[in-house]
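All remarks here apply to the structure that follows.
One-based numbering, in listed order, for ligands and for the atoms of each.
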Amino acid sequence: MSAIKSYIDQNKQRFIDELLNLLRIPSVSADKAFKNDVLKTADAVKAALNQAGCKMVEICETPGYPIVYGEHIIDEKLPTVLVYGHYDVQPADPIELWDSPPFEPVIKKTETHPEGAIYARGSCDDKGQMYMHIKAFEVMMQLDILPCNIKFMIEGEEEVGSESLEWFVKRNQSKLSNDVILISDTGMISNEQPSITTGLRGLSYVEVEVTGPNRDLHSGLYGGAVANPINILTKMIASLHDENNHITIPGFYDKVIEASPEERTEMAKAPFSLDAYKNALDIEDVYGETSYSTNERNSIRPTLDVNGIWGGYIGEGAKTVIASKAYAKISMRLVPDQDPDEITNLFVEHFEKIAPNVVKVKVSPHHGGHPYVTPIDNIGYQAANKAYSETFGVPAIPQRSGGSIPIVALFEKELKSKTILMGFGLDSDAIHSPNEHYGVFNYLKGIETIPLFHHYFTELYNKES
Ligand code: BES
Ligand code: MN
Ligand code: MN
């Protein structure tokens with residue numbers, strides 16, 4: 001299979017240049033100001049699929065941003081792999097913290113990426129990882145080694161909740177029929193130790209508004225005599241965790257499946273350096289739920305975090321004021337078998353209950369998503385592991401991730417198929433943050449590993465049937 005490697009070697013510069021071009025289009029789905037760029041990116045993805053040799057490619061309109069759908073069926077008797085990815089990206093803010101402009105990609109060498117990393121919004125999440133699949137498809141077409149049928153479904157609203165994709169999947173079950181779903185939109189342990197993501201957390205997201213007096217007040221004339229909504233809100237938020245960092249919302253943990261001692265022992269074997277972790281983040285110590293390790297806290301345990309909080313005067317200088325309103329955005333990451341709607345309801349009920357009568361509270365739910373775990377005793381996982389073993393020289397380790405891709409649980413429900421999460425990013429790639437980057441090594445390694453997944457999946461599938 002070293003033909004794959006030499007094809008990649010010969011086309012390496014072009015593969016990189018094509019990705020850089022895609023990264024230059026600011027496809028920020030959250031901000032309507034970028035609408036034309038998001039649409040332009042969908043067109044660019046369609047063109048790339050066509051150029052790679054995909055027989056049928058279409059832009060599927062939805063109530064929101066379009067889905068790029070491609071299909072290359074070579075034989076109905078062969079298995080079908082459905083590749084999912086997203087072409088939209090997170091907003092680049094805060095832009096002033098970037099060392100180079102977010103949509104003008106540059107390649108820089110770093111300690112973790114001695115072969116260079118591509119710095120741009122979306123380089124890792126998910127344009128870089130999604131584009132590996134298009135290039136891997138090109139490789140298979142050019143070398144005439146595509147072993148199975150392949151479908152591509154690349155959406156433009158992942159970063160804002162995948163609403164249109166849900167709409168699309170529910171209406172196109174037979175079109176999307178497949179034997180396994182393959183996604184590269186997660187990470188791995190390190191460039192020396194690949195891992196396969198076997199779990200994603202779910203999400204419940206709410207916005208809260210606390211109202212005190214009917215107008216902003218002079219903090220001298222009224223201070224001390226009227227409830228300050230910011231003081232109240234922060235007190236309420238502080239009470240959502242107890243001294244062990246357990247979440248205090250009644251019923252919150254009722255459906256949490258506790259990991260068995262065996263599973264925890266297995267998890268603890270994954271290579272991890274607490275010192276390196278602390279150093280990378282410049283923190284004196286880690287912080288979290290009592291009696292769980294860092295890796296457990298950020299993957300198999302549910303959380304509650306304030307993502308933003310505002311109110312009152314935040315301009316320059318001092319303004320003496322008691323604001324009428326205070327706000328916060330709060331996310332809860334969920335684990336099996338917590339249900340996002342149930343958790344949202346528990347939050348609303350509790351938050352209203354703990355509010356003192358001197359303020360009014362309003363809770364508005366945002367998008368949510370179900371958690372997901374995938375078993376490792378299936379041919380999809382085995383094929384991925386064989387592929388990684390071959391290109392990295394060591395077998396992959398199964399690892400549950402703390403992030404969320406809510407649509408994966410929906411795929412299982414609507415399309416009845418398992419998802420294999422073959423991510424090539426690193427936690428240190430700064431996705432969603434300033435200076436997001438993606439290793440050139442990771443990009444090319446992905447393009448090399450993906451054809452092997454198709455190869456081994458088809459082989460194992462044929463053996464099974
Ligand atoms: N690709 C990420 C999710 C991810 C990253 C999972 C790394 C595991 C490892 C995805 O684009 C994302 O950012 N998801 C959001 C949820 C969504 C509803 C906005 C998240 O996890 O915050
Ligand atoms: Mn993503
Ligand atoms: Mn993301």
Side-chain angles (χ1 to χ4, degrees), residues 23 27-31 38 41 45 64-65 83-93 102 120-133 153-166 182-190 194-207 295 298-300 302-308 329-335 340 343-344 365-374 398-411 419-434 436-438 442 446:
L23 292 169
S27 52
V28 180
S29 51
D31 186 345
V38 181
T41 309
V45 171
Y65 285 124
V83 174
Y84 161 83
H86 61 96
Y87 64 81
D88 65 321
V89 302
Q90 281 277 321
D93 313 59
R121 172 56 87 229
S123 55
C124 176
D125 183 13
D126 181 40
K127 282 175 174 168
Q129 297 211 64
M130 173 271 288
Y131 206 67
M132 297 182 314
H133 287 270
M153 180 168 63
I154 317 293
E155 70 152 319
E157 291 181 9
E158 197 279 339
E159 299 293 7
V160 291
S162 300
E163 240 177 84
S164 298
L165 185 67
E166 184 170 346
L182 182 61
I183 304 180
S184 296
D185 192 23
T186 54
M188 56 180 187
I189 293 176
S190 72
S195 52
I196 299 169
T197 301
T198 51
L200 294 163
R201 286 196 284 195
L203 187 68
S204 159
Y205 201 111
V206 297
E207 191 164 328
N295 275 336
N298 67 24
S299 67
I300 61 165
T303 62
L304 183 151
D305 275 296
V306 177
N307 293 243
K329 289 181 193 278
I330 297 173
S331 69
M332 287 159 278
R333 295 279 171 173
L334 312 179
V335 300
I343 293 293
T344 301
H366 281 265
H367 56 73
H370 288 265
Y372 183 76
V373 276
T374 168
Q399 200 185 41
R400 277 173 63 174
S401 171
S404 308
I405 310 178
I407 206 70
V408 173
L410 187 97
F411 288 159
T419 291
I420 302 301
L421 297 157
M422 271 181 99
F424 292 87
L426 300 180
D427 281 355
S428 54
D429 285 346
I431 62 170
H432 293 207
S433 304
E436 173 177 356
H437 55 279
Y438 189 42
N442 303 261

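In this structure, Ala430 and Arg121 approach most closely via the heavy-atom pair O-NH1, 4.3 Å.
Residue Gln90 does not touch ligand 1, judged by heavy-atom distances below 4.0 Å.
Using a distance-only test at 3.5 Å, with no hydrogens or angles considered, a donor-acceptor pair links the side chain of Ser27 to the main chain of Tyr87. The closest donor-acceptor contact from the side chain of Gln129 to the backbone of Phe424 lies under 3.5 Å.
Legend: residues meeting salt bridge (Lys or Arg N to Asp or Glu O under 4.0 Å) with Glu159, ordered by chain and number and at least two apart, are absent.
Per residue Glu159, closest N, O or S atom to the Mn ion (ligand 3): atom name OE2.
At least one N/O/S atom of Asp125, whether from backbone or side chain, sits less than 2.8 Å from the Mn ion (ligand 2). Among the atoms of His86, no N, O or S atom is found under 2.8 Å from the Mn ion (ligand 3). The Mn ion (ligand 2) has Asp185 among its coordinating residues (N/O/S atom, backbone or side chain, under 2.8 Å).
For the residue pair Ser299/Gln399, the side-chain donor-acceptor check at 3.5 Å is not satisfied.
Using cut-offs of 30° and 60° for the angle between ring planes, the Phe411 and Tyr84 rings count as perpendicular.
If you check each of Ser401, Ser162, Ser184 against atom 9 (C) of ligand 1, the one with the closest non-hydrogen atom is Ser401. Between the choices Leu203, Asp185, Val160, Ile431, the shortest heavy-atom distance to atom 1 (N) of ligand 1 belongs to Asp185.
Against a heavy-atom cut-off of under 4.0 Å, His86 is close to the following atoms of ligand 1: 11 (O).
Checking only distances, Arg333 does come within under 3.5 Å of ligand 1, N or O to N or O.
Remark: minimum distance from atom 6 (C) of ligand 1 to any protein heavy atom is reached at Gly403 CA, 3.7 Å. Distance from atom 14 (N) of ligand 1 to its nearest protein heavy atom, with residue and atom name: Ser404 O, 2.8 Å.
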